[in-house]
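A short write-up of the structure that comes next.
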Amino acid sequence: MAHPTQLGFQDAASPIMEELLHFHDHALMAVLLISMLVLYIISVLMTTKLSSTNTIDAQEIEMVWTIMPAIILIVIALPSLRILYLMDEISNPDMTVKTIGHQWYWSYEYSDFTGLNFDSYMIPTKDLEPGHFRLLEVDNRMVTPIGTAARILITAEDVLHSWAVPALGVKSDAIPGRLNQTSFLIAHPGVYYGQCSEICGANHSFMPIVVEALPIMNFLNWISTTQNA
């Protein structure tokens with residue numbers, strides 16, 4: 001859960017988000033080293049009298065500053081491509097949940113369970129209970145078991161939406177007439193918050209996403225209770 005004055009990312013709750021955080025640190029280190037080198041060169045040029053004729057023609061240094069950027073780009077690109085393939089890889093999911101975006105709420109359909117579907121609306125501020133977050137809490141949370149590979153099918157009924165949960169490293173557009181898919185595996189129990197990340201109309205900021213991860217036995221009890229409700 002993000003908090004005021006936070007400068008970094010939320011704590012990772014899935015293996016994919018952990019990979020994204022590691023890649024962020026990796027790329028940031030390359031940016032830091034490049035910035036330090038450029039700052040050093042600028043300071044040297046501003047404080048040193050250029051009296052050497054070797055600066056007019058230097059084939060060696062021209063070769064270095066041509067090859068080095070290419071090597072740096074490769075070092076950054078290879079981990080990035082690896083993570084892209086990991087995010088797109090969806091093989092043998094344990095469960096499937098279909099998410100449908102509406103103006104302005106979400107619907108969830110659990111394809112592996114009979115008759116398990118519901119709408120998820122934001123709870124108005126006046127109805128919030130102590131400990132709930134304003135503009136983030138919903139009346140029906142999406143519930144998944146921990147340690148389970150979940151496939152999320154995402155679409156929309158009216159306009160463009162975007163289903164995004166930062167702690168899980170998930171963000172996918174919900175497009176009318178098209179079915180996008182993503183996946184995640186939540187490592188430990190918790191409640192994870194997200195919001196629609198595509199401007200979709202007047203109440204765009206009032207359609208939050210709440211994913212609750214439970215141990216498998218608690219999840220099965222929730223399934224039984226919800227189906228019998």
Side-chain angles (χ1 to χ4, degrees), residues 1-29 76 78-99 101 106-113 116-118 120 131-133 135-154 161-174 180-197 207-226:
M1 179 65 190
H3 56 80
T5 72
Q6 179 174 336
L7 298 179
F9 292 98
Q10 297 183 30
D11 293 337
S14 68
I16 288 296
M17 189 59 190
E18 291 179 0
E19 293 284 348
L20 290 172
L21 291 180
H22 292 157
F23 175 72
H24 168 266
D25 296 340
H26 169 74
L28 202 61
M29 184 57 65
I76 294 176
L78 291 180
S80 174
L81 291 174
R82 172 179 172 271
I83 295 175
L84 284 175
Y85 278 104
L86 288 176
M87 294 176 69
D88 284 339
E89 183 67 25
I90 303 176
S91 58
N92 300 322
D94 298 314
M95 63 176 292
T96 300
V97 181
K98 185 177 181 181
T99 302
W106 296 97
S107 296
Y108 298 101
E109 299 176 2
Y110 287 72
S111 306
D112 303 299
F113 303 93
L116 184 56
N117 54 80
F118 51 84
S120 180
H132 284 178
F133 297 102
L135 302 183
L136 287 177
E137 198 57 63
V138 297
D139 55 358
N140 292 307
R141 296 173 173 176
M142 173 185 165
V143 180
T144 61
I146 60 172
T148 299
R151 175 175 59 183
I152 312 299
L153 303 177
I154 302 169
H161 300 279
S162 183
W163 200 82
V165 183
L168 304 180
V170 174
K171 184 179 185 294
S172 182
D173 287 340
N180 288 334
Q181 70 173 356
T182 185
S183 67
F184 58 76
L185 188 150
I186 302 179
H188 46 78
V191 179
Y192 308 100
Y193 294 89
Q195 289 179 301
C196 177
S197 297
M207 49 184 305
I209 301 159
V210 183
V211 178
E212 183 175 1
L214 299 176
I216 185 66
M217 293 307 299
N218 298 67
F219 173 74
L220 294 177
N221 292 334
W222 175 82
I223 291 290
S224 177
T225 303
T226 305

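Position 1 is the first residue of the sequence, and the numbers go up from there. Just so you know, these numbers use all the heavy atoms, side chains as well, and skip hydrogens, waters and symmetry mates.
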(message) Looking at every non-hydrogen atom in both residues, tell me the closest pair between Ala213 and Ile146 and how far apart they are.
(response) CB-CG2, 3.7 Å
(message) Please report the interatomic distance CD1(Ile216) to OG1(Thr144), rounded to the nearest 0.5 Å.
(response) 10.0 Å
(request) Measure from the side-chain N and O atoms of Ser120 to the backbone N and O of Asn140, and report whether any donor-acceptor pair falls under 3.5 Å. (result) yes
(message) Taking the side chain as everything from C-beta on, heavy atoms only, tell me whether Val170 gets closer than 4.5 Å to Ile152.
(response) no
(request) Could you tell me which non-hydrogen atom of Ser162 sits nearest to which non-hydrogen atom of Ile209, and how far apart they are? (result) O-CD1, 4.5 Å
(message) Measuring only between side-chain heavy atoms, which start at C-beta, is Leu86 closer than 4.5 Å to Arg82?
(response) yes
(request) Please report the shortest heavy-atom distance between Phe118 and Met142, naming the atom on each side. (result) CZ-CA, 4.4 Å
(message) Looking at every heavy atom in both Pro208 and Trp106, which two are closest together, and how far apart are they?
(response) O-CD1, 3.4 Å
(request) Spell out, as yes or no, whether a donor-acceptor pair under 3.5 Å connects the side chain of Ser80 to the backbone of Ile76. (result) no
(request) Can you see which heavy atom on Ala164 is nearest to which on Lys171, and at what distance? (result) CB-CG, 3.7 Å
(request) Report the distance from atom CE of Met87 to atom OG of Ser183, rounding to the nearest 0.5 Å. (result) 9.0 Å
(message) Working to the nearest 0.5 angstrom, can you tell me the gap between Tyr192 OH and Asp11 CG?
(response) 9.5 Å
(request) Check whether any side-chain heavy atom of Ile16 lies under 4.5 Å from a side-chain heavy atom of Phe184, and answer yes or no. (result) no
(request) Check whether any side-chain heavy atom of Trp222 lies under 4.5 Å from a side-chain heavy atom of Arg141, and answer yes or no. (result) no
(message) Would the distance check show the side chain of Asp112 and the main-chain N or O of Thr96 forming a donor-acceptor pair, the cut-off being under 3.5 Å?
(response) yes
(message) Tell me if a side-chain donor or acceptor on Asp94 pairs with a main-chain N or O of Thr148 at a distance below 3.5 Å.
(response) no
(message) To the closest 0.5 Å, what do you measure between CG (Leu116) and CD1 (Ile223)?
(response) 4.5 Å
(request) Could you tell me the separation between the NZ atom of Lys98 and the CZ atom of Arg151, rounded to the nearest 0.5 Å? (result) 12.0 Å
(request) Verify, without hydrogens or angle tests, whether Gln6 (side chain) and Phe9 (backbone) share a donor-acceptor contact under 3.5 angstrom. (result) yes
(request) Answer yes or no: is there a side-chain heavy-atom contact under 4.5 Å between Gln195 and Leu136? (result) yes
(request) Identify the heavy atoms of Leu214 and Glu212 that sit nearest to each other, and give their distance. (result) CD2-OE2, 3.5 Å
(message) Once rounded to the nearest 0.5 Å, what's the spacing between atom NE2 of His26 and atom CG of Leu28?
(response) 11.0 Å
